[in-house]
Amino acid sequence: MKFRPYQLLFVLSLALLVAAMAMPVVNIIEPDGATAVVDNFSYIAADGAMSRAVVALGTVLVMAAAVNLFALFVSLFSNFALQKRSSILSMLLLAGYYILLLIYLLLLTEDAAVLMLPAMFLPLMTLVSNAVAFTLIRKQEARIIAKALGFRLRD
């Protein structure tokens, strides 16, 4: 088996997504000083009440992690078309994650301040690593095609 750099990027993406799922994303600070916490699977209000209204955020991250895991397994068989499609799907899911997060923040914060935590940027780093992996997959595929065309018999 030959090691390829984009396989390491898929592993990094998986690690970042698992870390993002485990940590809180945003603190919402009310005008009276009370703090509510939003993680990817729950919303904990300032009074301690917990709501599962934001579980869609975690679901999108779980789907993105599953797609990255699939891309990692497909990379063992050098199926470039499927790798590129799965990395595009992962990038679309992560872009959708941020759109969904923005919608939730607009709904949950009326006149409150939002304190972004470092876990909010882990899916963004995953998005960037998937884009780099996509580029590396395209380059690897182009190298193999160029090598194959160089040995082709001509009439």
Side-chain angles (χ1 to χ4, degrees), residues 3-142:
F3 172 76
R4 294 178 182 93
Y6 55 83
Q7 291 172 333
L8 182 63
L9 289 172
F10 286 137
V11 171
L12 175 68
S13 297
L14 281 169
L16 288 172
L17 287 173
V18 169
M21 285 185 252
M23 299 186 320
V25 179
V26 173
N27 285 344
I28 299 173
I29 303 169
E30 301 291 333
D32 61 353
T35 302
V37 177
V38 176
D39 64 12
N40 289 310
F41 295 100
S42 64
Y43 169 72
I44 302 170
D47 61 355
M50 183 154 99
S51 172
R52 299 276 181 197
V54 294
V55 75
L57 290 172
T59 305
V60 171
L61 287 183
V62 168
M63 287 189 306
V67 168
N68 277 320
L69 185 64
F70 175 74
L72 180 64
F73 285 134
V74 168
S75 70
L76 299 174
F77 301 107
S78 298
N79 188 344
F80 296 115
L82 202 52
Q83 290 174 42
K84 290 189 295 186
R85 288 180 183 136
S86 60
S87 63
I88 289 171
L89 179 60
S90 178
M91 288 187 283
L92 288 173
L93 283 170
L94 293 170
Y97 169 81
Y98 280 108
I99 292 169
L100 194 59
L101 181 64
L102 180 66
I103 291 169
Y104 279 134
L105 288 179
L106 290 174
L107 290 175
L108 293 173
T109 60
E110 293 173 7
D111 55 348
V114 175
L115 177 65
M116 295 180 285
L117 299 175
M120 184 176 179
F121 301 105
L122 294 178
L124 181 64
M125 292 169 36
T126 302
L127 183 86
V128 170
S129 70
N130 277 331
V132 172
F134 179 78
T135 304
L136 291 175
I137 291 166
R138 282 185 34 208
K139 285 183 182 180
Q140 180 73 25
E141 183 181 25

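Summarising the geometry of Leu127 relative to Ala95, their closest heavy-atom pair is CD1-N, 4.3 Å, with the distance given to 0.1 Å. Minimum interatomic distance between Leu72 and Gln7 (heavy atoms only, all atoms of both residues): CD1-O, 3.7 Å. For the pair Ala112 and Ile28, the tightest heavy-atom approach, listed with the atom from each and the gap, is CB-CG2, 3.6 Å. In this structure, Phe121 and Tyr98 approach most closely via the heavy-atom pair CA-OH, 3.8 Å. Scanning both residues, Ala36 and Tyr43, for their nearest heavy atoms gives CB-OH, 3.6 Å.
Atoms CZ and CZ, from Phe134 and Arg85 in turn, are 10.5 Å apart once rounded to the nearest 0.5 Å. Met91 CE to Asn68 CG: the interatomic distance, rounded to the nearest 0.5 Å, is 10.0 Å. Separation of atoms CD (Glu141) and CG (Leu136) is listed at 13.0 Å; rounding is to 0.5 Å. Separating the CG atom in Leu57 from the CE atom in Met21 is a distance of 12.0 Å, to the nearest 0.5 Å. Atom-to-atom distance recorded for Ile29:CD1 and Thr35:OG1 is 5.0 Å, nearest 0.5 angstrom. Atom CG of Leu12 is separated from atom CG of Leu17 by 9.5 Å, given to the nearest 0.5 angstrom.
Here the side chains of Val62 and Phe41 are in contact, with some heavy-atom distance below 4.5 Å. Looking only at side-chain heavy atoms (C-beta outward), Met125 and Val128 stay at 4.5 Å or farther from each other. By the 4.5 Å heavy-atom criterion applied to side chains, Ile44 and Ser42 are counted as neighbours. For the pair Val67/Leu93, a side-chain contact is recorded, criterion being any heavy-atom separation below 4.5 Å from C-beta on. Side-chain atoms of Val25 and Val37, non-hydrogen and from C-beta on, never get closer than 4.5 Å to each other. Using a 4.5 Å heavy-atom threshold, the side chains of Leu16 and Pro123 count as separate.
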* To do: Take Asn130 and Ser87 through the side chain to side chain donor-acceptor pair (under 3.5 Å) test and state the conclusion after the steps.
  => CA-CA 6 Å; Asn130 277 331; Ser87 63; over 6 Å; no

* Could you please spell out the steps behind the side chain to side chain contact (heavy atoms under 4.5 Å, CB included) verdict for Leu82 and Phe70? => CA-CA 10 Å; Leu82 202 52; Phe70 175 74; 3.7 Å; yes

* Verify side chain to side chain contact (heavy atoms under 4.5 Å, CB included) between Ile88 and Ser86, making sure each step is shown before the conclusion. => CA-CA 5 Å; Ile88 289 171; Ser86 60; over 6 Å; no

* Asked: Leu61 and Thr126: side chain to side chain contact (heavy atoms under 4.5 Å, CB included), yes or no, with the steps?
  -> CA-CA 11 Å; Leu61 287 183; Thr126 302; over 6 Å; no

* Verdict with reasoning, Val132 to Thr135, per side chain to side chain contact (heavy atoms under 4.5 Å, CB included) -> CA-CA 5 Å; Val132 172; Thr135 304; 5.7 Å; no

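Side chains of Ser13 and Ser129: a donor on one and an acceptor on the other come within 3.5 Å. Ser75 and Gln83 share no side-chain donor-acceptor pair at under 3.5 Å.
Between the side chain of Asn40 and the main chain of Ala20, a donor-acceptor pair closer than 3.5 Å is present. A distance-only check finds no donor-acceptor pair linking the side chain of Tyr97 to the backbone of Leu124 [under 3.5 Å].
Within 6.0 Å of the CZ atom in Phe73, the count of heavy atoms belonging to other residues, nucleotides or ligands does not exceed 12. Around the CE atom of Met23, the shell of radius 6.0 Å holds more than 12 heavy atoms that belong to other residues, nucleotides or ligands.
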